[in-house]
Amino acid sequence: MNLSGLKIATKLWLFIGLVLVLLVGIAGVGLARSAGILAEGRAQTLVAQKMVQVATHWNGLTETNAARNHAIIISTEPAVGDAFKDLIKATSAEISVMQKELDSLPLTDADKAQLQKIADLRKSVMSLREKARASRAAGNNDEAMQILNSEYLPTNASYIAAQKELVKMQEQRVVDVQAATESRREANSMGIIAGLVVVVFLIATGTMWLVRSIQEPLNQANDIAARIAQGDLSSRITTHREDEFGTLLRSLATMNDSLGRMVSQVRLSTDNIATASAEIASGNNDLAQRTEQTSSNLQSTASSMDALTATVQHSSDNSRQASALAASASTVAQRGGEVVTQVVSTMQEIDTSS
C-alpha cells in the first residue's frame, strides 16, 4: 500500500483507527480471557465444593452406619439388629447414590483414583460386615468379635480415612483452583500490559512516522519558499507525493517556473530597453551635433540678418532720398507741362492770328 499517496487526514484517521482497534482488541481479548479464567475457576471451585459437600456427607453417613453395624455385631439382642437393619439399608442406598453423584462430576485423575480406592474399601467393609453378622447369627460370637476387631474395624477406619482424604483433596483443590485462577489472571493482566506496551510502542513509532511525513515536506517547502524569496529560481522541484504536501510542492514548482519565465521575459525586455536606450542615446548625440550645427548656422544667419538689416536700412535711406528727388522731378515736370501748355496755347493763338 502506497502510504505516500494518502491524504494527511486519511493517514491520521487510519492511525487513530488502528490504535483504537488495537486497544479495543487487547481490552476485549483481555476481558474475555479474564472472564473465561474466572468462569473456569468458578466452575472448578464449585465442583470441588460440591465434592467436599458430598464427601463430607458421605463420610458422616459412613461413620453412622459403621456405628450401627458395630452395635449390631457386638449386641446379643436381636432387637438391635432389627432396629438398625432398615436404617443401615437406607443409608447404604443413599451412600450409593452419593458415590454415583461423585462419579458424574468432572474429576481429575487423582479424584478418580481416590474414589476407586474408597469404592474398593467400601466393598471390603460391606463384605466383612456381612461376614461378622453371619458369624453372629450362627452363634459364633468369638469369631464375630474376632472379625470385628481384626478385620472390620481396621478396614472401616481405612474406608473413613479415605473419605476424609477425599474431602481434604477437594479442600486443597479449592485452594489450588483459587491460586491457579489468580495466577492465570495475573498472567492475563501481564499479557494485557504487554499488549498495551506494544500499542504504546506502535503509537510512538506511528507518531514519529507521521511527524516525519509531515515535517520533511514542510521543511522542503519552507526551504524552497526561502530560496524563491532570495531570488534563487534555479531549484528543480520534484515529488511523487499525492497528499496535500505533494500539491503544495507542485504549486511551488509551478510558481518557481512561472517566476523563472517572468524573470526571463523581464530580462529580455530589459535587454530590448537597453538596446533602444542605446539607440536613443545615439540619436540624441546625433541630434545634439545637428542642434550644435544648426545653432552655428543660426549664428551665421543672425550675422547675415544684421548685415541685411543694415543694408535694408541704407536702402531705405536711399529710397527716401530717391522719393524726394522724384517728387522734385514731378514738380519740375508739372511746371514744364504747364509751360508747354502755355506754349501750345500761345502757338495756337499765333496760328489763329496768322
Side-chain angles (χ1 to χ4, degrees), residues 1-56 101-115 165-222 239-249:
M1 183 177 181
N2 186 14
L3 294 177
S4 62
L6 297 177
K7 300 296 184 182
I8 296 297
T10 304
K11 292 179 182 178
L12 291 174
W13 280 116
L14 283 176
F15 178 68
I16 293 172
L18 178 61
V19 170
L20 290 177
V21 168
L22 289 175
L23 289 176
V24 171
I26 291 173
V29 172
L31 291 175
R33 288 190 61 188
S34 180
I37 291 170
L38 286 174
E40 185 178 349
R42 191 177 294 112
Q44 292 180 359
T45 301
L46 289 175
V47 170
Q49 290 175 346
K50 180 68 175 178
M51 291 188 69
V52 168
Q53 180 183 359
V54 174
T56 301
E101 185 178 0
L102 289 175
D103 290 335
S104 66
L105 295 174
L107 304 174
T108 63
D109 293 338
D111 294 335
K112 292 177 181 179
Q114 187 67 18
L115 285 174
E165 180 65 24
L166 177 64
V167 173
K168 290 181 179 179
M169 287 174 59
Q170 300 314 308
E171 291 174 346
Q172 184 62 40
R173 182 179 178 182
V174 172
V175 175
D176 293 341
V177 166
Q178 291 176 347
T181 301
E182 188 63 27
S183 177
R184 291 179 64 189
R185 287 187 63 189
E186 290 179 358
N188 183 63
S189 299
M190 294 300 296
I192 293 174
I193 293 173
L196 292 176
V197 170
V198 172
V199 170
V200 170
F201 174 76
L202 291 177
I203 290 173
T205 303
T207 302
M208 291 176 61
W209 175 77
L210 282 174
V211 170
R212 187 170 60 253
S213 67
I214 293 173
Q215 191 175 30
E216 287 181 356
L218 187 59
N219 290 336
Q220 184 181 2
N222 288 332
T239 182
H240 299 289
R241 301 176 67 97
E242 298 297 332
D243 55 5
E244 292 86 347
F245 288 110
T247 303
L248 175 62
L249 291 174

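Below, all heavy atoms of this structure are taken into account, side chains as well, without hydrogens, waters or symmetry copies. One is the number of the first residue; the rest follow in order along the sequence.
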All side-chain hydrogen bond (donor to acceptor under 3.5 Å, both in side chains) counterparts of Asp111, not counting sequence neighbours: Thr108, Gln170, Arg173
Salt bridge (Lys or Arg N to Asp or Glu O under 4.0 Å) pairs, two or more places apart, involving residues 191-201: none
For Lys112, salt bridge (charged side-chain N to carboxylate O under 4.0 Å, His left out) partners two or more places apart: none
Sequence neighbours excluded - side-chain hydrogen bond (donor to acceptor under 3.5 Å, both in side chains) pairs with any residue from residues 174-186: Glu40-Arg184, Gln172-Asp176
Qualifying salt bridge (Lys or Arg N to Asp or Glu O under 4.0 Å) pairs with a residue from residues 41-52, counting only residues at least two apart or across chains: Lys50-Glu101
More than 12 heavy atoms of other groups within 6.0 Å of Asn222 CG: yes
Set of side chain to side chain contact (heavy atoms under 4.5 Å, CB included) partners for Ser189, sequence neighbours left out: none
Qualifying salt bridge (Lys or Arg N to Asp or Glu O under 4.0 Å) pairs with a residue from residues 202-211, counting only residues at least two apart or across chains: none
Residue pair Val52 / Glu171: nearest heavy atoms and the distance that separates them: CG2-N, 3.7 Å
With sequence neighbours excluded, residues passing salt bridge (charged side-chain N to carboxylate O under 4.0 Å, His left out) with Arg33: none
From Leu115 atom CG to Leu105 atom CG, the distance as rounded to the nearest 0.5 Å: 9.0 Å
Listing, residues 15-31 side-chain donor-acceptor contacts under 3.5 Å, not counting sequence neighbours, or none:
none

Taking every non-hydrogen atom, the tightest pair across Ala55 and Val167: CB-CG2, 3.5 Å
Partner residues of Glu165 under the side chain to side chain contact (heavy atoms under 4.5 Å, CB included) criterion, sequence neighbours left out: Gln114, Lys168, Met169
Under the side-chain hydrogen bond (donor to acceptor under 3.5 Å, both in side chains) test, residues paired with Thr207 that sit two or more places apart: none
